[in-house]
*Asks:* 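Once you've had a glance at the structure underneath, I'll fire off some questions.
A quick note: this is a predicted structure, and the numbers were derived from the prediction, not measured. Residue numbering restarts at 1 for every chain, and letters A, B, ... go by the order of the sequence lines.
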There are 2 protein chains.
Amino acid sequence: MPKTISVQALQRLPTYLNYLKSLPLDKDAKISARALGNALGYGEIQVRKDLSAVSDGGKPKVGYCTAELIRDIEIFLGYDDVNDAVLVGAGKLGKALMSYEGFKTYGLNIVAAFDSDLAKCGTDESGKQVFPIDKMENLCKRLKVRIGIITVPASSAQQVCDILVEGGVEAIWNFAPTHLSVPEEVVLKNENMAASLAILSKHLSEKDWNCP
Amino acid sequence: MPKTISVQALQRLPTYLNYLKSLPLDKDAKISARALGNALGYGEIQVRKDLSAVSDGGKPKVGYCTAELIRDIEIFLGYDDVNDAVLVGAGKLGKALMSYEGFKTYGLNIVAAFDSDLAKCGTDESGKQVFPIDKMENLCKRLKVRIGIITVPASSAQQVCDILVEGGVEAIWNFAPTHLSVPEEVVLKNENMAASLAILSKHLSEKDWNCP
DNA sequence: ACAATATCGATATATCATTATCTATTGCAT
DNA sequence: ATGCAATAGATAATGATATATCGATATTGT
(Lines give C-alpha, C1' and ligand atoms only; values in the text may rest on other atoms or scores of the structure.)
Protein backbone atom coordinates (compact mmCIF):
# COMPACT_ATOMS: atom_id res chain seq x y z
CA MET A 1 0.00 0.00 0.00
CA PRO A 2 1.48 3.33 -1.05
CA LYS A 3 2.00 5.86 1.69
CA THR A 4 -0.40 8.75 1.53
CA ILE A 5 0.51 12.39 1.79
CA SER A 6 -1.60 15.50 2.01
CA VAL A 7 -1.42 18.13 -0.67
CA GLN A 8 -0.15 20.60 1.88
CA ALA A 9 2.60 18.28 3.02
CA LEU A 10 3.55 17.60 -0.57
CA GLN A 11 3.99 21.30 -1.12
CA ARG A 12 6.20 21.59 1.91
CA LEU A 13 8.60 18.94 0.69
CA PRO A 14 10.47 21.24 -1.70
CA THR A 15 11.02 23.61 1.19
CA TYR A 16 12.55 20.89 3.31
CA LEU A 17 14.64 19.81 0.39
CA ASN A 18 15.83 23.29 -0.29
CA TYR A 19 16.82 23.84 3.30
CA LEU A 20 18.55 20.50 3.63
CA LYS A 21 20.58 21.18 0.53
CA SER A 22 21.67 24.52 1.89
CA LEU A 23 23.33 22.77 4.81
CA PRO A 24 27.04 22.05 4.71
CA LEU A 25 27.43 18.79 2.92
CA ASP A 26 28.43 16.09 5.36
CA LYS A 27 27.82 12.49 4.59
CA ASP A 28 26.96 11.54 8.13
CA ALA A 29 25.19 14.69 9.25
CA LYS A 30 21.98 14.20 11.19
CA ILE A 31 19.14 16.57 11.85
CA SER A 32 16.24 16.39 14.26
CA ALA A 33 12.67 17.13 13.36
CA ARG A 34 12.72 19.94 15.88
CA ALA A 35 15.78 21.61 14.37
CA LEU A 36 14.32 21.32 10.90
CA GLY A 37 11.00 22.70 12.04
CA ASN A 38 12.58 25.63 13.86
CA ALA A 39 14.58 26.57 10.81
CA LEU A 40 11.54 26.60 8.58
CA GLY A 41 8.87 27.79 10.95
CA TYR A 42 6.96 24.51 11.20
CA GLY A 43 6.01 22.47 14.26
CA GLU A 44 8.14 19.46 14.96
CA ILE A 45 5.23 17.05 14.85
CA GLN A 46 4.24 18.28 11.46
CA VAL A 47 7.77 17.79 10.25
CA ARG A 48 7.80 14.21 11.46
CA LYS A 49 4.48 13.51 9.86
CA ASP A 50 5.54 15.01 6.55
CA LEU A 51 8.78 13.09 6.54
CA SER A 52 7.14 9.83 7.52
CA ALA A 53 5.53 9.75 4.10
CA VAL A 54 8.82 9.88 2.25
CA SER A 55 11.51 8.38 4.42
CA ASP A 56 11.78 5.22 6.41
CA GLY A 57 12.45 7.05 9.58
CA GLY A 58 14.91 8.72 11.82
CA LYS A 59 16.44 7.42 14.99
CA PRO A 60 15.56 8.55 18.50
CA LYS A 61 18.11 10.80 20.11
CA VAL A 62 19.80 11.25 16.74
CA GLY A 63 17.33 12.50 14.18
CA TYR A 64 17.26 11.93 10.47
CA CYS A 65 20.24 11.39 8.28
CA THR A 66 20.44 14.52 6.16
CA ALA A 67 21.83 12.86 3.08
CA GLU A 68 19.25 10.09 3.10
CA LEU A 69 16.48 12.58 3.60
CA ILE A 70 17.58 14.59 0.60
CA ARG A 71 17.67 11.50 -1.54
CA ASP A 72 14.30 10.24 -0.29
CA ILE A 73 12.55 13.54 -0.94
CA GLU A 74 14.05 13.84 -4.39
CA ILE A 75 12.94 10.38 -5.32
CA PHE A 76 9.50 10.93 -3.89
CA LEU A 77 9.06 14.14 -5.84
CA GLY A 78 10.39 12.57 -9.00
CA TYR A 79 13.27 15.03 -9.28
CA ASP A 80 15.53 12.19 -10.26
CA ASP A 81 13.93 11.69 -13.62
CA VAL A 82 13.56 14.69 -15.82
CA ASN A 83 10.26 15.85 -17.20
CA ASP A 84 10.30 17.63 -20.52
CA ALA A 85 8.13 20.70 -20.84
CA VAL A 86 7.18 23.27 -23.41
CA LEU A 87 6.40 26.88 -22.69
CA VAL A 88 3.83 28.92 -24.57
CA GLY A 89 4.06 32.70 -24.60
CA ALA A 90 7.52 34.17 -24.96
CA GLY A 91 6.65 37.45 -23.29
CA LYS A 92 8.42 38.88 -20.27
CA LEU A 93 7.27 36.23 -17.84
CA GLY A 94 7.83 33.46 -20.35
CA LYS A 95 11.39 34.60 -20.97
CA ALA A 96 12.03 34.85 -17.26
CA LEU A 97 10.95 31.26 -16.78
CA MET A 98 12.88 30.09 -19.81
CA SER A 99 16.11 31.44 -18.42
CA TYR A 100 15.56 30.27 -14.89
CA GLU A 101 18.27 27.74 -14.25
CA GLY A 102 16.70 26.48 -11.07
CA PHE A 103 14.10 24.34 -12.82
CA LYS A 104 16.76 21.82 -13.66
CA THR A 105 17.13 20.92 -10.03
CA TYR A 106 13.40 20.28 -9.89
CA GLY A 107 13.59 17.84 -12.76
CA LEU A 108 11.94 20.23 -15.19
CA ASN A 109 13.47 20.76 -18.58
CA ILE A 110 11.97 23.30 -20.95
CA VAL A 111 12.74 21.90 -24.36
CA ALA A 112 11.13 24.56 -26.50
CA ALA A 113 8.90 27.60 -26.45
CA PHE A 114 6.14 28.85 -28.72
CA ASP A 115 4.64 32.18 -29.54
CA SER A 116 2.06 33.41 -32.00
CA ASP A 117 4.15 36.51 -32.64
CA LEU A 118 6.62 35.57 -35.34
CA ALA A 119 8.90 38.40 -34.25
CA LYS A 120 9.53 36.54 -31.01
CA CYS A 121 10.43 33.32 -32.78
CA GLY A 122 13.98 32.17 -33.32
CA THR A 123 16.59 31.60 -30.68
CA ASP A 124 15.88 33.25 -27.37
CA GLU A 125 18.63 34.86 -25.29
CA SER A 126 18.29 31.89 -22.97
CA GLY A 127 19.47 29.73 -25.84
CA LYS A 128 16.12 28.06 -26.24
CA GLN A 129 14.26 27.88 -29.50
CA VAL A 130 11.00 29.78 -29.88
CA PHE A 131 8.72 28.33 -32.56
CA PRO A 132 5.55 29.62 -34.17
CA ILE A 133 2.57 28.30 -32.32
CA ASP A 134 1.21 26.25 -35.20
CA LYS A 135 4.14 23.88 -34.81
CA MET A 136 3.22 23.19 -31.23
CA GLU A 137 0.78 20.30 -31.35
CA ASN A 138 2.98 18.35 -33.67
CA LEU A 139 6.14 18.98 -31.76
CA CYS A 140 4.56 18.00 -28.48
CA LYS A 141 3.48 14.71 -29.95
CA ARG A 142 6.84 14.02 -31.54
CA LEU A 143 8.83 14.76 -28.41
CA LYS A 144 6.26 13.22 -26.09
CA VAL A 145 6.28 16.32 -23.94
CA ARG A 146 4.34 15.83 -20.72
CA ILE A 147 4.18 19.33 -19.27
CA GLY A 148 2.94 22.56 -20.79
CA ILE A 149 3.59 25.95 -19.24
CA ILE A 150 1.19 28.71 -20.20
CA THR A 151 2.40 32.30 -20.01
CA VAL A 152 0.14 33.93 -22.55
CA PRO A 153 -2.46 36.62 -21.84
CA ALA A 154 -5.70 35.45 -20.27
CA SER A 155 -7.62 35.98 -23.49
CA SER A 156 -5.79 33.27 -25.42
CA ALA A 157 -5.02 30.92 -22.56
CA GLN A 158 -7.89 28.49 -23.09
CA GLN A 159 -7.14 28.21 -26.78
CA VAL A 160 -3.49 27.47 -26.10
CA CYS A 161 -4.48 25.02 -23.42
CA ASP A 162 -6.67 23.08 -25.84
CA ILE A 163 -3.84 22.77 -28.32
CA LEU A 164 -1.53 21.47 -25.62
CA VAL A 165 -4.09 18.87 -24.61
CA GLU A 166 -4.46 17.86 -28.24
CA GLY A 167 -0.72 17.50 -28.38
CA GLY A 168 -0.89 14.93 -25.61
CA VAL A 169 0.41 17.05 -22.75
CA GLU A 170 -0.53 15.52 -19.41
CA ALA A 171 0.03 18.39 -17.04
CA ILE A 172 -0.48 22.11 -17.43
CA TRP A 173 1.05 24.85 -15.37
CA ASN A 174 -0.98 27.95 -15.92
CA PHE A 175 0.34 31.44 -15.23
CA ALA A 176 -2.48 33.24 -17.02
CA PRO A 177 -4.88 34.89 -14.61
CA THR A 178 -7.87 32.91 -15.75
CA HIS A 179 -9.64 29.64 -15.26
CA LEU A 180 -8.97 26.85 -17.70
CA SER A 181 -11.02 23.77 -18.36
CA VAL A 182 -9.16 20.59 -19.09
CA PRO A 183 -10.15 16.95 -19.44
CA GLU A 184 -10.19 15.03 -16.20
CA GLU A 185 -7.02 13.11 -16.92
CA VAL A 186 -4.94 16.25 -17.38
CA VAL A 187 -3.48 17.82 -14.27
CA LEU A 188 -3.88 21.56 -13.99
CA LYS A 189 -1.97 23.75 -11.58
CA ASN A 190 -2.71 27.44 -11.50
CA GLU A 191 0.03 29.78 -10.44
CA ASN A 192 -2.40 32.29 -9.22
CA MET A 193 -0.64 35.51 -8.39
CA ALA A 194 -3.91 37.33 -7.97
CA ALA A 195 -4.85 34.86 -5.26
CA SER A 196 -1.62 35.51 -3.41
CA LEU A 197 -2.09 39.21 -3.72
CA ALA A 198 -5.57 38.84 -2.34
CA ILE A 199 -4.11 37.44 0.85
CA LEU A 200 -1.56 40.20 1.26
CA SER A 201 -4.00 42.90 0.46
CA LYS A 202 -6.61 41.53 2.81
CA HIS A 203 -4.15 41.29 5.66
CA LEU A 204 -3.16 44.87 5.11
CA SER A 205 -6.69 46.15 5.15
CA GLU A 206 -7.47 44.09 8.23
CA LYS A 207 -4.57 45.68 9.99
CA ASP A 208 -6.17 49.01 9.23
CA TRP A 209 -9.43 47.90 10.81
CA ASN A 210 -7.96 46.47 13.99
CA CYS A 211 -5.36 49.04 14.83
CA PRO A 212 -6.87 52.43 15.53
CA MET B 1 -19.24 41.57 13.66
CA PRO B 2 -17.24 41.32 10.43
CA LYS B 3 -18.02 38.40 8.19
CA THR B 4 -15.41 35.69 8.23
CA ILE B 5 -13.90 34.04 5.23
CA SER B 6 -11.57 31.10 4.90
CA VAL B 7 -8.16 31.57 3.36
CA GLN B 8 -9.12 29.23 0.57
CA ALA B 9 -12.26 31.15 -0.20
CA LEU B 10 -10.33 34.40 -0.17
CA GLN B 11 -7.99 32.98 -2.78
CA ARG B 12 -10.90 32.00 -4.97
CA LEU B 13 -12.35 35.49 -5.01
CA PRO B 14 -10.01 36.84 -7.68
CA THR B 15 -11.03 33.94 -9.89
CA TYR B 16 -14.68 34.78 -9.52
CA LEU B 17 -13.91 38.39 -10.18
CA ASN B 18 -11.92 37.63 -13.25
CA TYR B 19 -14.64 35.46 -14.70
CA LEU B 20 -17.41 37.92 -13.93
CA LYS B 21 -15.46 40.67 -15.62
CA SER B 22 -15.02 38.55 -18.71
CA LEU B 23 -18.78 38.40 -19.18
CA PRO B 24 -20.51 40.80 -21.55
CA LEU B 25 -21.15 43.95 -19.60
CA ASP B 26 -24.82 44.28 -18.85
CA LYS B 27 -26.02 46.42 -16.01
CA ASP B 28 -28.86 44.12 -15.07
CA ALA B 29 -27.27 40.76 -15.83
CA LYS B 30 -27.77 38.06 -13.24
CA ILE B 31 -25.88 34.88 -12.64
CA SER B 32 -26.67 31.86 -10.54
CA ALA B 33 -24.28 30.18 -8.19
CA ARG B 34 -24.58 27.02 -10.23
CA ALA B 35 -23.68 28.73 -13.50
CA LEU B 36 -20.73 30.44 -11.88
CA GLY B 37 -19.57 27.19 -10.33
CA ASN B 38 -19.87 25.25 -13.55
CA ALA B 39 -17.84 27.82 -15.41
CA LEU B 40 -15.03 27.71 -12.89
CA GLY B 41 -15.14 24.10 -11.83
CA TYR B 42 -16.42 24.69 -8.30
CA GLY B 43 -19.46 23.23 -6.58
CA GLU B 44 -22.47 25.49 -6.35
CA ILE B 45 -22.66 25.28 -2.58
CA GLN B 46 -19.09 26.37 -2.30
CA VAL B 47 -19.78 29.29 -4.56
CA ARG B 48 -22.70 30.41 -2.43
CA LYS B 49 -20.66 30.10 0.72
CA ASP B 50 -17.77 32.05 -0.74
CA LEU B 51 -20.02 34.80 -1.98
CA SER B 52 -21.97 35.04 1.25
CA ALA B 53 -18.87 36.52 2.85
CA VAL B 54 -18.65 39.39 0.42
CA SER B 55 -22.09 40.17 -0.89
CA ASP B 56 -25.39 40.72 0.74
CA GLY B 57 -27.01 38.00 -1.22
CA GLY B 58 -28.62 36.87 -4.35
CA LYS B 59 -32.26 36.30 -5.01
CA PRO B 60 -33.95 32.92 -5.30
CA LYS B 61 -34.84 31.91 -8.84
CA VAL B 62 -32.73 34.81 -10.14
CA GLY B 63 -29.22 34.57 -8.84
CA TYR B 64 -26.73 37.29 -8.11
CA CYS B 65 -26.53 40.61 -9.86
CA THR B 66 -23.28 40.44 -11.79
CA ALA B 67 -22.43 44.10 -11.52
CA GLU B 68 -23.03 44.23 -7.79
CA LEU B 69 -21.00 41.09 -7.29
CA ILE B 70 -18.06 42.57 -9.14
CA ARG B 71 -18.21 45.70 -7.05
CA ASP B 72 -18.58 43.78 -3.79
CA ILE B 73 -15.61 41.52 -4.49
CA GLU B 74 -13.44 44.43 -5.53
CA ILE B 75 -14.24 46.31 -2.38
CA PHE B 76 -13.73 43.26 -0.24
CA LEU B 77 -10.32 42.62 -1.78
CA GLY B 78 -9.33 46.23 -1.49
CA TYR B 79 -8.82 46.67 -5.21
CA ASP B 80 -10.39 50.07 -4.99
CA ASP B 81 -7.56 51.57 -3.01
CA VAL B 82 -4.03 51.26 -4.26
CA ASN B 83 -1.17 49.74 -2.29
CA ASP B 84 2.31 50.92 -3.02
CA ALA B 85 5.03 48.33 -3.30
CA VAL B 86 8.73 48.11 -3.94
CA LEU B 87 10.45 45.29 -5.75
CA VAL B 88 13.92 44.02 -4.93
CA GLY B 89 15.94 42.19 -7.52
CA ALA B 90 15.79 43.55 -11.06
CA GLY B 91 16.67 40.26 -12.71
CA LYS B 92 14.54 38.52 -15.30
CA LEU B 93 11.67 37.71 -13.01
CA GLY B 94 11.82 41.10 -11.36
CA LYS B 95 11.65 42.86 -14.70
CA ALA B 96 8.77 40.68 -15.77
CA LEU B 97 6.80 41.66 -12.70
CA MET B 98 7.74 45.32 -13.07
CA SER B 99 6.31 45.47 -16.54
CA TYR B 100 3.21 43.48 -15.78
CA GLU B 101 0.36 45.90 -16.29
CA GLY B 102 -2.18 43.64 -14.65
CA PHE B 103 -1.12 44.50 -11.12
CA LYS B 104 -2.82 47.85 -11.43
CA THR B 105 -6.18 46.16 -11.56
CA TYR B 106 -5.33 44.35 -8.34
CA GLY B 107 -4.60 47.60 -6.56
CA LEU B 108 -0.86 47.01 -6.56
CA ASN B 109 1.47 49.75 -7.65
CA ILE B 110 5.19 49.10 -7.87
CA VAL B 111 6.69 52.49 -7.16
CA ALA B 112 10.36 51.58 -7.40
CA ALA B 113 12.79 48.72 -7.67
CA PHE B 114 16.19 48.03 -6.15
CA ASP B 115 19.18 45.97 -7.06
CA SER B 116 22.64 45.49 -5.63
CA ASP B 117 24.09 45.40 -9.13
CA LEU B 118 24.72 49.02 -10.07
CA ALA B 119 24.64 48.07 -13.75
CA LYS B 120 20.96 47.31 -13.40
CA CYS B 121 20.18 50.66 -11.79
CA GLY B 122 18.69 53.56 -13.67
CA THR B 123 15.46 53.58 -15.60
CA ASP B 124 14.13 50.18 -16.52
CA GLU B 125 12.47 49.48 -19.85
CA SER B 126 9.21 49.36 -17.95
CA GLY B 127 9.75 53.02 -17.12
CA LYS B 128 10.32 52.31 -13.47
CA GLN B 129 13.37 53.49 -11.59
CA VAL B 130 15.85 50.95 -10.27
CA PHE B 131 17.89 52.21 -7.33
CA PRO B 132 20.94 50.82 -5.57
CA ILE B 133 19.89 48.68 -2.68
CA ASP B 134 21.40 50.89 0.01
CA LYS B 135 18.75 53.50 -0.70
CA MET B 136 16.00 51.03 0.02
CA GLU B 137 15.37 51.29 3.72
CA ASN B 138 15.24 55.04 3.60
CA LEU B 139 13.04 55.22 0.57
CA CYS B 140 10.58 52.73 2.03
CA LYS B 141 10.25 54.82 5.13
CA ARG B 142 9.86 58.08 3.22
CA LEU B 143 7.21 56.75 0.88
CA LYS B 144 5.52 54.64 3.55
CA VAL B 145 5.60 51.62 1.28
CA ARG B 146 3.61 48.72 2.70
CA ILE B 147 4.49 45.84 0.39
CA GLY B 148 7.86 44.44 -0.57
CA ILE B 149 8.36 42.01 -3.44
CA ILE B 150 11.46 39.85 -3.30
CA THR B 151 12.85 38.50 -6.56
CA VAL B 152 16.48 38.06 -5.61
CA PRO B 153 18.35 34.74 -5.49
CA ALA B 154 17.69 32.57 -2.46
CA SER B 155 21.09 33.30 -0.99
CA SER B 156 20.40 36.99 -0.39
CA ALA B 157 16.67 36.82 0.23
CA GLN B 158 16.76 36.84 4.02
CA GLN B 159 19.12 39.79 4.06
CA VAL B 160 16.89 41.77 1.70
CA CYS B 161 13.87 40.77 3.74
CA ASP B 162 15.41 42.15 6.93
CA ILE B 163 16.09 45.48 5.28
CA LEU B 164 12.51 45.70 4.06
CA VAL B 165 11.23 45.00 7.55
CA GLU B 166 13.55 47.67 8.90
CA GLY B 167 12.10 50.01 6.33
CA GLY B 168 8.66 49.50 7.79
CA VAL B 169 7.22 47.24 5.11
CA GLU B 170 4.20 45.35 6.43
CA ALA B 171 3.79 42.61 3.86
CA ILE B 172 6.31 40.62 1.90
CA TRP B 173 5.74 38.70 -1.27
CA ASN B 174 8.59 36.27 -1.66
CA PHE B 175 9.50 34.73 -5.00
CA ALA B 176 12.86 33.40 -3.83
CA PRO B 177 12.82 29.64 -3.38
CA THR B 178 13.67 29.77 0.29
CA HIS B 179 12.14 30.19 3.68
CA LEU B 180 12.18 33.63 5.27
CA SER B 181 11.73 34.55 8.88
CA VAL B 182 9.84 37.72 9.62
CA PRO B 183 8.43 39.31 12.76
CA GLU B 184 4.95 38.21 13.66
CA GLU B 185 3.31 41.43 12.58
CA VAL B 186 4.64 41.22 9.05
CA VAL B 187 2.65 39.17 6.57
CA LEU B 188 4.64 36.81 4.43
CA LYS B 189 3.36 35.14 1.30
CA ASN B 190 5.58 32.74 -0.54
CA GLU B 191 5.09 32.34 -4.25
CA ASN B 192 6.47 28.91 -4.19
CA MET B 193 6.94 27.68 -7.71
CA ALA B 194 8.81 24.65 -6.50
CA ALA B 195 5.76 23.67 -4.47
CA SER B 196 3.55 23.90 -7.53
CA LEU B 197 5.98 21.88 -9.54
CA ALA B 198 5.99 19.28 -6.83
CA ILE B 199 2.30 18.76 -7.38
CA LEU B 200 2.58 18.42 -11.13
CA SER B 201 5.56 16.18 -10.92
CA LYS B 202 3.93 13.95 -8.34
CA HIS B 203 0.76 13.59 -10.37
CA LEU B 204 2.78 12.59 -13.39
CA SER B 205 4.74 9.96 -11.55
CA GLU B 206 1.56 8.61 -9.98
CA LYS B 207 0.06 8.23 -13.43
CA ASP B 208 3.02 6.09 -14.32
CA TRP B 209 2.35 3.82 -11.37
CA ASN B 210 -1.33 3.35 -11.94
CA CYS B 211 -1.51 2.98 -15.68
CA PRO B 212 0.35 -0.06 -16.91
C1' DA C 1 -54.52 32.61 -7.17
C1' DC C 2 -51.90 28.54 -6.89
C1' DA C 3 -48.78 25.00 -7.87
C1' DA C 4 -44.30 23.92 -9.87
C1' DT C 5 -39.61 25.02 -10.16
C1' DA C 6 -35.31 27.24 -9.65
C1' DT C 7 -32.56 29.19 -6.54
C1' DC C 8 -30.69 30.95 -2.18
C1' DG C 9 -29.30 30.46 2.85
C1' DA C 10 -28.52 28.00 6.99
C1' DT C 11 -27.48 24.01 9.41
C1' DA C 12 -25.45 19.60 9.72
C1' DT C 13 -22.29 16.09 8.16
C1' DA C 14 -18.07 14.38 6.12
C1' DT C 15 -13.45 14.99 4.73
C1' DC C 16 -9.01 16.68 5.23
C1' DA C 17 -5.08 18.86 7.83
C1' DT C 18 -2.87 20.26 12.00
C1' DT C 19 -1.77 19.98 16.69
C1' DA C 20 -1.58 17.59 21.12
C1' DT C 21 -0.82 13.52 23.89
C1' DC C 22 1.22 9.43 24.94
C1' DT C 23 4.46 5.53 24.45
C1' DA C 24 8.71 3.43 22.90
C1' DT C 25 13.40 3.70 21.54
C1' DT C 26 18.09 5.32 21.57
C1' DG C 27 22.30 7.40 23.23
C1' DC C 28 24.80 9.38 26.98
C1' DA C 29 26.35 10.22 31.61
C1' DT C 30 26.91 8.38 35.84
C1' DA D 1 24.53 -1.62 34.24
C1' DT D 2 21.07 1.98 35.20
C1' DG D 3 18.59 6.10 34.94
C1' DC D 4 17.83 10.39 32.41
C1' DA D 5 17.10 13.24 28.40
C1' DA D 6 16.11 13.64 23.70
C1' DT D 7 13.72 12.07 20.02
C1' DA D 8 10.77 9.32 16.86
C1' DG D 9 6.19 7.23 15.98
C1' DA D 10 1.39 6.25 16.69
C1' DT D 11 -3.01 7.62 18.14
C1' DA D 12 -6.45 10.86 19.50
C1' DA D 13 -8.40 15.48 19.59
C1' DT D 14 -9.01 19.82 17.50
C1' DG D 15 -9.65 22.85 13.77
C1' DA D 16 -10.46 24.12 9.00
C1' DT D 17 -12.64 23.24 4.69
C1' DA D 18 -15.81 21.14 1.54
C1' DT D 19 -20.10 18.81 0.65
C1' DA D 20 -24.82 17.40 1.53
C1' DT D 21 -29.48 18.17 3.27
C1' DC D 22 -33.34 20.86 4.17
C1' DG D 23 -36.44 24.63 4.40
C1' DA D 24 -37.60 29.28 2.59
C1' DT D 25 -38.48 32.53 -1.14
C1' DA D 26 -39.06 34.49 -5.62
C1' DT D 27 -40.56 33.79 -10.46
C1' DT D 28 -43.23 31.51 -14.01
C1' DG D 29 -47.05 29.20 -16.12
C1' DT D 30 -51.48 27.59 -15.72
*Asks:* Tell me the interatomic distance from A:Arg34, atom CZ, to D:dG9, atom P, rounded to whole angstroms.
*Replies:*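 Computing the A:Arg34:CZ to D:dG9:P distance gives 15 Å.
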*Asks:* Can a side chain N or O of A:Tyr42 be found less than 4.0 Å away from OP1 or OP2 on C:dA17?
*Replies:*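 No, A:Tyr42 has no side-chain N/O under 4.0 Å of OP1/OP2 on C:dA17.
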*Asks:* For the side chain of B:Tyr64, counting heavy atoms from C-beta on, which of C:dA17, C:dC8, C:dA20 is nearest?
*Replies:*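 From the listed options, C:dC8 comes nearest.
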*Asks:* What is the separation between atom CG on B:Asp56 and atom C1' on C:dC8, rounded to the nearest whole Å?
*Replies:*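 In whole Å, C:dC8 C1' and B:Asp56 CG are 13 Å from each other.
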*Asks:* Rounded to the nearest Å, what distance is computed from the CG atom of residue A:Asn38 to the P atom of nucleotide D:dA6?
*Replies:*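 One finds 14 Å between P of D:dA6 and CG of A:Asn38, rounded.
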*Asks:* Considering only C:dA17, C:dT19, C:dT7, which nucleotide approaches the side chain of A:Ser6 most closely?
*Replies:*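 Shortest atom-to-atom distance from the side chain points to C:dA17.
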*Asks:* Which whole-number value in Å describes the distance from B:Ile31 CD1 to C:dT7 P?
*Replies:*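 Result: 11 Å.
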*Asks:* So if I take every side-chain heavy atom of B:Gln46 and compare against D:dA18, C:dT7, D:dA8, which nucleotide ends up nearest?
*Replies:*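 Taking heavy atoms from C-beta onward, the closest nucleotide is D:dA18.
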*Asks:* With a cut-off of 6.0 Å (strictly less than), are more than 12 heavy atoms of other residues, nucleotides or ligands near NZ of B:Lys144?
*Replies:*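 No, the 6.0 Å shell around NZ holds no more than 12 heavy atoms from other groups.
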*Asks:* Using only side-chain N and O atoms of A:Arg12, determine if any of them is under 4.0 Å from OP1 or OP2 of C:dT18.
*Replies:*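 For A:Arg12, the contact criterion (side-chain N or O under 4.0 Å from OP1 or OP2 of C:dT18) is met.
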*Asks:* In Å and rounded to the nearest 0.5 Å, what is the CG to CD distance from B:Leu93 to B:Glu191?
*Replies:*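 Result: 9.5 Å between the selected atoms.
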*Asks:* Thinking salt bridges, do A:Lys92 and B:Glu101 make one under a 4.0 Å N-O criterion?
*Replies:*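 No.
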*Asks:* Checking side-chain polar atoms at under 3.5 Å, does A:Asp162 have a donor or acceptor matched by the opposite partner on A:Gln158?
*Replies:*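 Side-chain D/A pair, A:Asp162 to A:Gln158: present.
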*Asks:* Pick the closest DNA chain C nucleotide for A:Gly43 and for A:Val62 by heavy atoms, then say which residue is nearer the 5' end.
*Replies:*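 Its nucleotide being nearer the 5' end, the pick is A:Gly43.
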*Asks:* Within this structure, what is the CG-to-C1' distance between B:Asp50 and D:dA18, rounded to whole angstrom?
*Replies:*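 Atom CG in B:Asp50 sits about 10 Å away from atom C1' in D:dA18.
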*Asks:* Could you tell me how far apart A:Lys49 (NZ) and C:dA17 (P) are, to the nearest whole angstrom?
*Replies:*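 Interatomic distance, NZ of A:Lys49 to P of C:dA17: 9 Å.
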*Asks:* OP1 or OP2 of C:dG9 versus the side-chain N and O atoms of B:Arg48: is any pair under 4.0 Å?
*Replies:*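 No, outside the criterion.
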*Asks:* Using whole Å, report how far CD1 of B:Ile45 lies from C1' of C:dA14.
*Replies:*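 About 13 Å, once rounded to whole Å.
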*Asks:* Quick check for you: among D:dA8, C:dA6, D:dA18, whose closest atom lies nearest to any side-chain atom of B:Lys61?
*Replies:*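 Selected nucleotide: C:dA6.
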*Asks:* How is A:Ala33 classified with respect to the nucleic acid when contacts are heavy atoms under 4.0 Å: base, sugar-phosphate, or nothing?
*Replies:*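 The residue A:Ala33 makes sugar-phosphate contact but no base contact.
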*Asks:* Starting at NZ of A:Lys59 and ending at C1' of C:dA24, how long is that distance when rounded to a whole Å?
*Replies:*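 After rounding, the reported distance stands at 16 Å.
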*Asks:* First locate atom CH2 of B:Trp173, then atom CD1 of B:Ile150, and finally report the distance between them rounded to the nearest 0.5 Å.
*Replies:*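 So the gap between those two atoms works out to 12.5 Å.
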*Asks:* Please check the phosphate of C:dA17 (OP1 and OP2 only) for any side-chain N or O of A:Gln8 closer than 4.0 Å.
*Replies:*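 Answer no for this pair, as no side-chain N or O of A:Gln8 is under 4.0 Å from OP1 or OP2.
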